[in-house]
Undergrad: 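Before we start, here is the structure in question, set down as structure tokens.
These values consider heavy atoms only, across backbone and side chains, with no hydrogens, waters or symmetry-generated copies. By convention in this document, chain letters (A, B, ...) are assigned in the order of the sequence lines, proteins followed by strands, and residues within each chain are numbered from 1.
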Number of protein chains: 2
Amino acid sequence: MVETSQREDQQRAARARRKELLEAADRVVMRDGPGASMNAIAAEAGITKPILYRHFGDKGGLYRALAVRHTDALLDGLRAALDSPVPRRDRVEATLDTYLVAIETRPQVYRFLMHPADEEQPSEQGFDVGRHSAPLLRRLGEELAEVIAERVDLGPGGEQLARAWGHGIVGMMHAAGDWWLRERPFPRAELVRHLADLLWGRLAAAGDRLDGPGF
Amino acid sequence: MVETSQREDQQRAARARRKELLEAADRVVMRDGPGASMNAIAAEAGITKPILYRHFGDKGGLYRALAVRHTDALLDGLRAALDSPVPRRDRVEATLDTYLVAIETRPQVYRFLMHPADEEQPSEQGFDVGRHSAPLLRRLGEELAEVIAERVDLGPGGEQLARAWGHGIVGMMHAAGDWWLRERPFPRAELVRHLADLLWGRLAAAGDRLDGPGF
DNA sequence: ACACTCATGTTACCGCTAGTAACAAGTAGT
DNA sequence: ACTACTTGTTACTAGCGGTAACATGAGTGT
């Protein structure tokens, strides 16, 4: 008979319970979307709300715990792609593909991680106002795609390519700007130059480090 | 005495009223953040809730109308930068700069447009769980920045440059993936190739169209 | 055997939100 | 005067996140 302290047993049990609760929450969120209520999650787990709050503090805590799980899983895959022993260009493609496969095969997880505030079911309520108010980033992407398509010669199939680039470039600007705005690590002009450099192909032009396996 | 139909007067008045309401809503949202309540907005406008609902349908409608205003303003500036008669590289930089100036000088507008669901005031409530669960995109950006910094020789100041690139590339992948996932205009492999091409400097390598002013 | 501790679970509530129904009042047209 | 319409109100609903107070049951010290 093994002597296990009561404390250890309890902590183990608590961790197991927490895992069960997270799995129930996951089921509900994947079924009902990110707007799922704490009541619904508690019901799915077969318990009531205060228990959820004891385990996770508040809704944000539960959602963070959920997000960490999925994010860790995705990051593992990406790290593997980033470390695969192939030429640099192939590695870039492998990483992009890993990400895209992930969002393609589990779009609900993707929606939860990326757009945790969206709610669906407009339930046939057509509003006249703001119908054309697609979120800013989409509009920007489409506008830029148009400009690119009309001014740059991209060869056959160039329109779709321009759209991919338009959205991609806007996303780059957005994400880099968001990071820069929070941390302000250097003046604005420097970020402008860095991003323009990136678009201008410095990634391809940069040399490998001598000590690394090469990016 | 000019004969104006009552209908026209009323519509004009309704439009003016709507504009006033939008301005009041704007003040509240810029002051209290995107989580501002309809009650607060109505109070700021000196009226009560049902009037807001008659004008905008629901909260989403009001917020869409607000977003359209700001988005249009930003888009005008960007279009001007995109059309300025300077070399292509300078135009890219001007456009990036215009966007960054906008988010730098009016971060509250930016927050409203980009993160309309965030709420602040954590009010000193420290949660143990998930403290390290920075949203997925930030984690990805930081991870990629690390990989780039450690494997690519970027010269002096390379670490900050790597971070800008890391976040930028992740944002590109995210935005392009988001668009592609909604529209599925071509197979995944094609998007992978397009994005890798973009990172590989095809934007700089592409020739100008013969009929346009050059991108 | 008994009290103590402590985690697990409940019911019943609070304050707040988005959204709505019902009603009052002013104003123009007939 | 009667109708039609807009503007405004008060008073309500249902549901949300979150919490206080209480019940219960298992292991531990005396």
Side-chain angles (χ1 to χ4, degrees), chain A residues 1-21 24-25 28-29 32-64 66 116-125 127 129, chain B residues 1 3-21 24-25 28-29 32-64 116-125 127 129:
Chain A
M1 183 101 164
V2 182
E3 262 298 317
T4 66
S5 96
Q6 183 193 355
R7 259 316 204 283
E8 282 169 0
D9 277 3
Q10 279 176 175
Q11 289 192 4
R12 210 185 332 258
R15 268 196 298 272
R17 196 85 184 91
R18 189 189 157 93
K19 202 174 160 194
E20 285 172 27
L21 296 185
V28 176
V29 168
D32 299 352
S37 82
M38 293 296 269
N39 256 327
I41 293 172
E44 169 74 26
I47 50 150
T48 51
K49 268 197 301 176
I51 302 184
L52 284 181
Y53 283 95
R54 279 218 264 269
H55 275 269
F56 301 104
D58 65 355
K59 191 174 190 175
L62 202 174
Y63 274 40
R64 265 191 296 276
L66 258 185
D118 296 4
E119 292 172 24
E120 48 264 36
Q121 24 258 40
S123 69
E124 270 74 11
Q125 294 284 25
F127 293 129
V129 58
Chain B
M1 181 98 158
E3 261 299 318
T4 65
S5 94
Q6 183 193 354
R7 259 315 204 283
E8 281 168 1
D9 277 3
Q10 278 175 177
Q11 289 191 3
R12 208 181 339 251
R15 268 194 299 272
R17 196 87 185 91
R18 188 189 156 93
K19 202 175 160 192
E20 284 171 30
L21 297 184
V28 176
V29 168
D32 300 352
S37 81
M38 294 297 269
N39 256 327
I41 294 172
E44 168 75 27
I47 50 150
T48 50
K49 267 195 305 176
I51 303 184
L52 283 181
Y53 282 95
R54 280 218 264 269
H55 275 269
F56 300 104
D58 66 355
K59 190 174 191 176
L62 201 174
Y63 275 39
R64 265 191 296 275
D118 296 4
E119 290 173 26
E120 49 265 35
Q121 24 261 37
S123 70
E124 270 74 11
Q125 294 283 23
F127 294 131
V129 58

Undergrad: Regarding C:dG19, can its base be found pairing with the side chain of B:Arg54 as donor and acceptor, where the two atoms are less than 3.5 Å apart?
TA: no

Undergrad: Using whole Å, report how far CG of B:Asn39 lies from P of C:dG15.
TA: 16 Å

Undergrad: Using whole Å, what does the distance between atom P of nucleotide C:dC14 and atom CE of A:Met38 come to?
TA: 21 Å

Undergrad: Does C:dT8 have OP1 or OP2 sitting under 4.0 Å from an N or O in the side chain of A:Arg18?
TA: no

Undergrad: Using a 4.5 Å cut-off on heavy atoms from C-beta on, say whether the side chain of B:Arg64 contacts that of B:Phe56.
TA: no

Undergrad: Rounded to the nearest 0.5 Å, how far apart are CD1 of B:Ile41 and NZ of B:Lys49?
TA: 11.5 Å

Undergrad: When rounded to the nearest 0.5 angstrom, what is the spacing between CZ in B:Arg15 and NE2 in B:His55?
TA: 12.5 Å

Undergrad: Consider the side chain of B:Arg17, meaning its heavy atoms from C-beta on, and name the nucleotide among D:dG8, D:dT19, D:dT10 that approaches it most closely.
TA: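 Closest of the options to the side chain of B:Arg17: D:dG8.
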
Undergrad: What's the OH-C1' distance between A:Tyr63 and D:dG17, to the nearest Å?
TA: 11 Å

Undergrad: What residues form a salt bridge (charged side-chain N to carboxylate O under 4.0 Å, His left out) with A:Arg54, not counting sequence neighbours?
TA: none

Undergrad: For a 4.5 angstrom cut-off between non-hydrogen side-chain atoms, does A:Met38 reach A:Val28?
TA: no

Undergrad: Which one, D:dT19, C:dG19, D:dC16, comes nearest to the side chain of B:Asp58?
TA: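 It is C:dG19.
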
Undergrad: Pull out every residue in residues 41-49 of chain B that has a heavy atom closer than 4.0 Å to any atom of DNA chain D, ordered by number, or say none.
TA: B:Ile47, B:Thr48

Undergrad: I need the CG-C1' distance between A:Leu21 and C:dG9, as an integer number of Å.
TA: 12 Å

Undergrad: Please report the distance, rounded to the nearest Å, between CD1 in B:Ile51 and P in C:dT20.
TA: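 Taking atom P of C:dT20 as the reference, CD1 of B:Ile51 is at 15 Å.
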
Undergrad: Taking CG from A:Leu52 and C1' from D:dT19, how many angstroms apart are they, rounded to a whole number?
TA: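 Nearest whole value for this atom pair: 14 Å.
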
Undergrad: Measure from the side-chain N and O atoms of A:Tyr63 to the backbone N and O of A:Pro34, and report whether any donor-acceptor pair falls under 3.5 Å.
TA: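 At least one qualifying donor-acceptor pair exists.
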
Undergrad: Are any non-hydrogen side-chain atoms of A:Ile47 and A:Arg17 less than 4.5 angstrom apart?
TA: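 Sidechains of A:Arg17 and A:Ile47: in contact.
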
Undergrad: Once you round it to whole Å, what is the distance between C1' of D:dT19 and NE2 of A:His55?
TA: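 Going from NE2 in A:His55 over to C1' in D:dT19 covers 17 Å.
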
Undergrad: Could you state the NZ-P distance from B:Lys59 to C:dT17, rounded to the nearest angstrom?
TA: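 For the pair B:Lys59 NZ and C:dT17 P, the rounded distance is 9 Å.
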
